[in-house]
Each structure stands twice: as structure tokens, then as C-alpha cells.
Amino acid sequence: MSSELTPVDEVAWQKKWSDASIFEAVITEGKPSFYCLEMYPYPSGKMHMGHVRNYSIGDAVARFKRLMGFDVLYPMGFDSFGMPAENAAIAEGGHPHDITERNMASITEQIKRMGFSYDWGRLLKSHDPNYYKWNQWFFTKFMEHGLARREHAPVNWCSACNTVLANEQVKAGRCWRCNGPVEQKEMNQWFLDTPAYCQELLDGLDTIDFPENVKSLQRDWLGRSEGANIQFGLEGRDETIEVFTTRPDTLFGVTFVTLAPEHPLAETIVKGTDREAEWKDLYDEVSIMTEFDRIKNMKKKKGMFSGCYAIHPLTNERVPIWIGNFVIASYGTGAVMAVPAHDERDFEFASQYDIPIRRVLVMEEGAQHDGELKKAETDDGWMVNSPIDGFDGRYGQEARNAVCEALEAAGCGHRLVNWKLRPWLISRQRYWGTPIPVIYCEDCGTVPVPDEDLPVVLPRDVVFSGEGNPLETSASFLHVACPTCGKDARRETDTMDTFIDSSWYFLRYTDPGNDTQAFAKAIADHWMQVDFYCGGIEHAQMHLIYARFMTKALRDMGLTTIDEPFNELLCQGMVNKAAPFCSDCGVTLTVDHAIGSPCPHCSKELGSRSAKMSKSTGNTVSPEDMIERYGADTVRLFILFAANPTAGMDWSDTALEANHRVVLQLQGIPDYMNEWNGGEGPMDAWLEARFEQRRLEFIAAMDEYDLRRAVEVSHFEIIKDINWYTRRGGLNGEMANKMLPVWAQMVSTSTPHLAEEWWEGMASTEGFVSSSLMPLPIESTTTALVNLAGEQYIRDFLEQARKIKGVAERHLGQPASEATIVVSPSWKRTLAQAALNFVIEGGHPKQFMPLLKEMPIAQGDRMGEIMGFWGKKMLPQVFKWDDASREIICSTLDEEAVLAAASDFIATELNLKTVLIVEGESESDTTGRAGSAMPLSPAVVYV
RNA sequence: GCAGGGGUGGCUGAGUUGGUCAAAGGCGCCGGGCUUAAGAUCCGGUCCCGUAUGGGUUCGUGGGUUCGUAUCCCACCCCCUGCACCA
């Protein structure tokens, strides 16, 4: 293999692909289609390793599916609305539009340099009016269908971002984007009715191939709980208090009712009493405090008696009404029935405020049911102490049903499924997003912008001061004639959450040029669902819920027939790199601190630990630099080979270099193989069979998206096979013609430029490997299998023989010069075959003994010896042989013949003068070592 | 607290329908061939012991089931992710 290699001109290949438009997605009659998609990126100026990894995975899949004969849709675009560009405009001047376009241009160039096989003709950008027009159109349709509505409601407000946030965008009380505190504010905002699809979103999870943790995340977020709403009357008042509970079976244990401080009734019943001030304090504490502080203070339960009593719906008992800080206004009804005996929080609260605790369940059937409870017993139990007949003794679900029936009969309660998911708050008080297409008219009220006036385009004449919503500074935008009556009216200045953009972009990709519809139904239905969707786990409960919701909503408006947008989701792992780490302090430091230097906190010597690549740690690697130095192929190969797609991977410069060497080595392979001039030989059939086997392994791995394994086969194992071939004397230049086309196809999924170079140099190929089809696999013949088995046998034998040789030479005190290989005596083989057949047919090995006694080999005076051999040696071995070995043993493979044919080779490999092969216990066996020879495992005697 | 995912040799990482497992592959390290040399590449070694094909101890910890367990069961510890006074 030559060392005088010119690097592959990757850019030239990229240009050729582009000129020939080979990655354009087309629909071919009769061909299956495959939609391969990566989460489209926000166009920051630079591509980082996370992008590289994401797209290297997707591209390998797309290329593989093309090889396998699919019409592949593999698009790229930009999630180009969003706050970073607007914040940059505020900080540095300029306009978000220009900043975004500039960033897009530079990141696009970098992505193209990687050689990914996108259909760039479908490039989509969210901030294109031709795209966001459809956001607006959908919005007006949602209004028509009652799925979009404006409400005055408490919402999450991030003052750092100067906008409201959806529930999904609040992480542990903080803003998902800036990590600033989030507070509650009452505002008029637009919501989409995501809860209408709760049940379907939950059920749909069972029909799609998402990772378990993502499903679990989504289930948590949907938060289904089954229970009942129950009405409590109020003593001396007309109102009722409605509570939600999952435990109607504990209804008779209610000793008080608790309202959230924000509950409207709380204010009503304390108004004008001497308790009003106390309530106000509590109200202020929970509502004005940021959610973050509230969570921190959660541990302290606090409450007050309201002075009022509720009436128990079934017993008519008086129950005190309390107001407590632990009741959440926005969940359920904002009021709970308190059963201290069977709920931990109620127990704690009741103990604190000396409220009676009444047991109404026992945890063991027929158990004692008086006596004091030490703690709440929250499991299902048997009802006791019921003041009404017919309930005691009922258990769990049956008990709940009985209580619900009683409530329903009394007309003061009903069964209900409650969800945690709230409507999607989509209003944002920011400029760089889709304007909400609504006009407010004094006479006509809230008027949607008519279809013919769409899109409502973002105006240029706005001021980015960092204060307030910039859209409000545009007079031309703000003032508009009412579409209904023509009078002066005012436009909505809020824009849409940018997650709207990413909720349907995969549909637009199917028909990106359509200017009369968002997408043609037939085309979208042809390509959808996305077969393979690859991206980061961070979108598990935002984007991936919204997109599923949107797909279902659009389906119900008749725009598609798709239930779920994504079939298989793959969340790629993070790209990490070693960073300084103090094991005592448990702190990861920036790369400014050298490994081995003392920790700045405790002075202990710093070690290193793998950490996510981040600007703050400084452990980033620039893809650009790496491509420049090693080429895109090497970077891609390394990324795919370093770890499985879903696993975290560690960046390693040395491993990268090792992969670069593999790329160089592969580059020289065609020349190397073509130089073989030995003509046909006995090893050719083996190499052919072996290669075919490798191809099947490759296909199987790719089918399961086990890209690491696939690359291991295509870029590593086949090289080893070639080495073995030449080592065993193979030197047929014809093999190059036989193997290289298919091998190039395998190589092309991860290192396409290199593969094109191979392809171009071959006589039998034309066009591009990137647009070629892989021939169908060939079924292996029996001869091929025996061939493979024979070589495997020799390899295994050599490995074993080498080990023994070391020990033997120590024993001999000098290098061994000769070896006698003692193949297992034929009766052992016969025995093994009989035992294996017995086992394969389902027999228990231990029951083989009686059969053995009947066998001809066990007759005569050797019977005892053979029985002993079976128990001690053969029985354990029968279990240990793998399927391949079993096949070989039961096959016609003649160990002695295989070894004899390879005896010269063996002698060379073991560095011996002569090698003698004998059958154990035969006349020529003078070694006396036949005892330790087993089928597939000959004994070796060194002299 | 609840839920989901994990803990394998110097590192990384396969392997989990129990037997093919002292445990693939890669990296690192060691030795050898090739070479004037370097690089590249090829071959071999890389838990411990062992004058012959073997033995010992290993897959978070401790128990258990089994002829046999990295793999199955139970308990515990630790790590990651998400949710969290959700009634």
C-alpha cells in the first residue's frame, strides 16, 4: 500500500454530486420510500460537533437506504426564527433577518463541506414568509375549529427574555432558554388546545418506535390520572366547591377541604372577615413569589382556616374549609378534599393544625380499624368505618366504583380523567417569530386575518431597544383596517412560539415549493411518516409533543391522513471530551487548569473526566479544523465508529488519527488488490464466501441502525479478511473486480468521497456509487460454508497452538522445532455427533447416558473409560459448543484433511520445521496424547 | 419521593431468549516482521498462576435459583435523565 497518496478531493466530489442532482428526492412508481430526517438546526453561525454527529448518523442511514433501492427523502433546513438573532440585534445592532441570513450562509457552507446527501433543493427556512404564511393559515383554521383561543390566565413570564413561556418551556421553575427565574403573571394570551388530544397522544406512544425514556417523559408530561370530581356544598352559601380526587374510596375519611389560595372561592369566603388579611398574605406568598422560590419553600406547609364549612356530599357532615399553600390552582379544580388518614400531605397538614384524622381503609382484609394512625396509609385497602351501609369491605377499584356510583346517583360527582398537560401557550412578546394573524376591532372584536391577506409579514421598521415588544414600535404594522367593517383597527403584536415552526416542517419538506397549499395531501401522505428521525433528547417533551399534536390536529382538519409524524426516533448521544476534574470537590474545571496541576479549591492534583463539549468548559473541538486537517471522511468515520449512535462518545485525537490511517489504508486498497498477480487459487472461494458473509452482517447492522457495527465490518473487518487471504497465499487480482464494487457501496455510507474514488477507478462501474443500487445478497452454498468453517478451524487451532507452544517451550527449555498434531480419535467425534443430535432434537443431555450404552463405540472393554469420558469431558463440552461449532462437528469437515492441507502454513505460522498430523489412537499416533484431543480441539505435542 | 435508563478488563465499548465468556472490536501499552531509518503497514501479546492443551479470580455489592449465570430472581449501593406537595 503506497504511502504516496494524494488526499481525496472531497469538495470536487461534492460538486459532482450536486451537478448531477443525484440526491434529489423523487417518487418512483413501484419503489418503496424512506423518509430520513434530522431535527433541523437553529442557524447559529457555526456547525458544532453535535451537528456533525447528528448528520453523520442520518446521512449514513439515507445513503444505505438508497443503496437498498428506496426512494429517499433526506432534506435539510433551518429553524431560523428565535430569540438568539433578536438578542444579537439588541446587543450589537443590525436586524434579526440579516443576522439570521448571514449565519445561515456560513453554517450551510460548513454542513455542505461534510458531504451529506441532502436534497438541498428542498431547503426550508422558518423565517421565510412562504413558510410562516402557513403557520398563520393553520392558526386561523384552529380558531375556526375551536382549537385556538385567547384567554386571560396566569402564565409563565420570563423577564430576562421579556416574554411568556409555555409550561413545557419551564424547567425546574426556570426558563428553558436563559435559565432565568420564571414568575406568574395574569395576561391575555393565545392558547392551542393540546389537552383535546391528551388521550390520543398517550395511546399513540404505543404505536411508535421511540426510546423508552422519551416515552416515559411524554407520559409524565401528559400526566393522566383517573378519578372523580366531587361537589361539596357550602354551609350557608349557594356556591359549591368542586374537588378532584383519584381516591374516591377515601371519601368518608374527609375531615377538611383545602382550597388553593388563588381559588376564587377562597377570596369570596374570607372577604370582609377578619381572616382576609391572613389570606392575602398567603395569596401573595404563593402567587407573587417566583415559581423557583416557591419550589424551594415547598417543604413548609402553611395554611389557614377560612371560617367556613363545606357539606359532605354523602353524609351531609360539616367539614371545615382550609386554605393551603400546597394546593396548586392550575391542577384539577384548585381544591382538594383532605383525607389525612390516607394521604401523606393531608396527614402532615392535619397533624400540624390539629385536625381530626379518620381511618376509612385497612391495609389487610378484616384488620383492626380503630387505634391511632402513625402515618398516612396510602395504598389501596378495604373500606371500614363507612357511615353508610354497603361500603365496608370493598377494596380498591371496586371501592372507588361504589363511591362514584353513589355520588352519581346523588348528583354531586362524576368520574373523570384529569391531565397534567395544559393548553399550549403560543403567544410571545417578541419580534422574530410568526405574527399571530389576528386583528382587534372595537366593533367586530377579534377578527382573524382572511386567507387572501396572508401572510402577515414582519415589518422592517422596528426598533430593537431590548424593551417591550419591538412590533409595537411599527406604526405601519400596528394600524390596519378591520377586514370585516373596514374601520381602524389594531393588529395583534404577539408572535408565535417558534415551536410552531418545528411542529410541521417535516410535512412542508415533502412539498416545499407549493405556493397554493401548505403541502399537497397526496404527496405528504406518500412520504410520511418520517421513517427515521434523529436528534437530541432535549426535545423529548417540547418539540416531540407539539409535532405530534400538530400532526393529529392537521389530520382532523383533513390535511393529511397521518396519525403520528415520526415512526422511529433515535436520540444521539452527546459528544464529550476530557476536561480537568477534581475528584474530591466533584467539580469539572475549565481547560485553563492543566491536568496534574493542583485544584484551585482544595489543592489536590487534578485528574480528568469526560464532559460535554461546551464553550464554558473550553473543551470543544472545531469541526472545521478537523475537516481541514483530516477530511470529512475521517471525521465521519471516527464519529460513527467511536460509539453507538445513542451512546455518549468521547472525542479522542489519537483515535481520530487512527481512523485517519484507516481511511488512508482504504484509499490504497484498490491499487493494492490490483497488484495481485498470482492467478486463481484455493483461497479465492473462501474470500468470496467470507465477503458475502460480511456484506450480510453489514446489512443487518445497518437495518438496526447499529452504525458502529456496520462501520466495523465495512472499514475494519474486511481489511482483516483480505490480510488473511494473502497470508494464506491468495494473490488473485481478479478478486478486486469481484469485491470492490459492493465493498465500495458499503464504504460509501460513512466515507462517501473515498468510495467515489474507488468507484471511479473501476472498469465495471459507471455513475456514482452514491446513486448505485446494491445487488441482492447471494445465498451461501454448502461448499462456501464448509470453506469458511475450514478456515475458521485453522484460525482457532493456531490461536490455541500458539498458547500451548509458549508453555511447552518453557517446559522444553528451548524453542520447539517440530510438532505433532493429534486429531481427536474418531469415536469421540461419533460420540459428539450423537450427543449433539440428541440435544438438538430437544433431549436433555443428562438423559443421553442410556443411549450411549447402546452405541457400538461403547461396547466391549472400553465401556467404562468411555462412560467416564462422557461424564467428565464430553458432557460439559456439549453445552459449550456454539451453533457454528455444532454445525462443523456434525458436518463432513475432515479435521485431519484440513490440517494436512494447511500443514506448511501452520509450520510457518508457528515457526516450526515440520508439522505432523495424526489421528489419535491410530497406529501412527505414538504421542500418547490422544486423551486430551477433542473434536475441533486437537492436541499438540511439541518437540 | 416517583418514573425511565445505566454500573463490564488501563480507557472506550459489545455482550443480557443462562452454556459459544477470561468476555468481540477500537484506543492505549508491549514484542516481532518489513524498512537504511522514520512513518505507514503486517503479525503476535496485553487479569493472575502454571516446566504442556490446564487452574484461580473477575462483569457495582450481598444473597438466591441452576449441572452451569456478565446474562435469571431478591435486597442494597452508586451514577445519569425527567417529573415533583398533581390531590
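Numbered from 1 within each chain, the chains take letters A, B, ... in sequence-line order. Being a predicted model, the structure only gives us computed values, none of them experimental.
- Among the heavy atoms of the strands, none lies under 4.0 Å from A:Pro211.
- Closest to the side chain of A:Ser216, from the set B:A3, B:G13, B:A87, is B:A3.
- Side-chain atoms of A:Arg345 and base atoms of B:A84 include no donor and acceptor less than 3.5 Å apart.
- A sub-4.0 Å separation between OP1 or OP2 of B:C83 and a side-chain N or O of A:Gln541 is present.
- Side-chain contact check for A:Glu895 and A:Tyr793: at least one donor-acceptor pair (N or O, by modelled atom type) lies under 3.5 Å.
- Looking at heavy-atom distances under 4.0 Å, A:Lys302 makes no contact with the nucleic acid at all.
- Atom-to-atom, CD of A:Glu168 to P of B:G82 comes out at 15 Å; the value is rounded to the nearest Å.
- When the side-chain nitrogen and oxygen atoms of A:Lys720 are compared with OP1 and OP2 of B:U41, none of them lie within a distance under 4.0 Å.
- If you take CD of A:Glu344 and C1' of B:C2, they are 11 Å apart, rounded to a whole angstrom.
- Between the CH2 atom of A:Trp176 and the P atom of B:G82 there is a distance of 14 Å, rounded to whole Å.
- B:G55 and B:C2 have their C1' atoms separated by 49 Å, with the value rounded to a whole Å.
- Taking atom C1' on both B:C72 and B:A24, the two are 23 Å apart, rounded to the nearest angstrom.
- Of the nucleotides present, B:C83 is the one that pairs with B:G1 by Watson-Crick or G-U wobble criteria, both distances under 3.5 Å.
- Residue A:Val339 is out of contact with every strand shown, counting any heavy-atom pair closer than 4.0 Å.
- Side-chain proximity of A:Phe244 to B:A87, B:G82, B:C85: nearest is B:A87.
- A salt bridge between A:Arg694 and A:Asp721 is present, with a side-chain N of the basic residue lying under 4.0 Å from a carboxylate O of the acidic one.
- Here B:G4 presents its P atom at 16 Å from CD of A:Gln218, a figure rounded to the nearest Å.
- Look at the P atom in both B:C79 and B:A87: the space between them is 28 Å, to the nearest Å.
- The ring of A:Trp676 has its center closer than 6.0 angstrom to the ring center of A:Tyr725.
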Working for side-chain contact (heavy atoms from CB on, under 4.5 Å), residues A:Ile906 and A:Leu798: CA-CA 7 Å; A:Ile906 292 168; A:Leu798 278 175; 4.2 Å; yes

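- Aromatic rings of A:Phe256 and A:Phe349 (six-membered ring for Trp) have centroids within the 6.0 Å cut-off, being under it.
- For B:G28, the paired nucleotide is B:U46, the pair qualifying as Watson-Crick or G-U wobble because both relevant distances are below 3.5 Å.
- Taking all atoms of both residues into account, the shortest heavy-atom contact from A:Val327 to A:Gly334 is CG1-O, 3.5 Å.
- Mapping A:Ala642 and A:Arg247 onto RNA chain B via the closest heavy atom, the residue that lands nearer the 5' end is A:Ala642.
- Straight-line distance between the C1' atoms of B:C29 and B:G15: roughly 25 Å, to the nearest whole Å.
- One interatomic measurement links the two molecules: CH2 of A:Trp221 to P of B:G4, which rounds to 18 Å at whole-angstrom precision.
- For A:Phe244 and A:Trp419, the ring centers are positioned 6.0 Å apart or more.
- Atom P of nucleotide B:C86 and atom NZ of A:Lys301 are separated by 8 Å, given to the nearest angstrom.
- Whole-Å rounding puts the A:Phe256 CZ to B:A87 C1' distance at 11 Å.
- Taking only side-chain atoms of A:Glu712, from C-beta outward, the nucleotide of B:A87, B:G82, B:A24 with the closest atom is B:A24.
- Picking from B:U53, B:C86, B:C43 the nucleotide with the shortest atom distance to the side chain of A:Lys420 gives B:C86.
- B:A14 and B:G25 are spaced 15 Å apart, taking the P atom of each and rounding to whole Å.
- B:C86 and B:C77 have their C1' atoms separated by 30 Å, with the value rounded to a whole Å.
- Here the nucleotide nearest the side chain of A:Asn325, chosen from B:C85, B:G25, B:C86, is B:C85.
- In this structure, of B:G4, B:A87, B:G25, it is B:G4 that holds the atom nearest to the side chain of A:Glu212.
- Comparing the P positions of B:U17 and B:C73 gives a spacing of 11 Å, expressed to the nearest Å.
- Across all strands shown, A:Arg727 has heavy atoms under 4.0 Å from sugar-phosphate atoms exclusively, and none from any base.
- Across every strand in view, B:G62 sits in a pair with B:C74 that passes the Watson-Crick or G-U test at under 3.5 angstrom.
- The listed nucleotides are B:A87, B:U53, B:G13; the one nearest the side chain of A:Arg708 is B:G13.
- The gap from the C1' atom of B:G10 to that of B:U81 amounts to 29 Å, rounded to the nearest Å.
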CA sep, side-chain torsions, deciding dist, call: A:Asp380, A:Arg400, salt bridge (Lys or Arg N to Asp or Glu O under 4.0 Å): CA-CA 10 Å; A:Asp380 276 1; A:Arg400 287 188 276 276; 3.1 Å; yes

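- Checking B:C43, B:C85, B:A3 against the side-chain heavy atoms of A:Asn723 singles out B:C43 as nearest.
- Separation of the A:Tyr630 and A:Phe638 ring centroids does not fall under the 6.0 Å cut-off.
- Here the side chain of A:Asn213 is nearest to one of B:A24, B:C85, B:G4, namely B:G4.
- Pair assignment for B:U35 gives none, since no Watson-Crick or G-U wobble pairing has each distance under 3.5 Å.
- Of the nucleotides present, none pairs with B:A40 by Watson-Crick or G-U wobble criteria with both distances under 3.5 Å.
- Rounded to whole Å, the distance from CZ on A:Arg422 to C1' on B:C83 is 15 Å.
- In a base pair of the Watson-Crick type (N1 to N3 plus N6-O4 or O6-N4) or a G-U wobble (N1-O2 and O6-N3), with each distance short of 3.5 Å, B:A22 is matched with no nucleotide.
- Residue A:Arg661 places at least one side-chain N or O closer than 4.0 Å to OP1 or OP2 of B:U41.
- Comparing A:Met337 and A:Val214 along RNA chain B, the residue whose closest nucleotide (by nearest heavy atom) sits nearer the 5' end is A:Val214.
- At the heavy-atom level, A:Tyr942 lies under 4.0 Å from base atoms of the strands shown.
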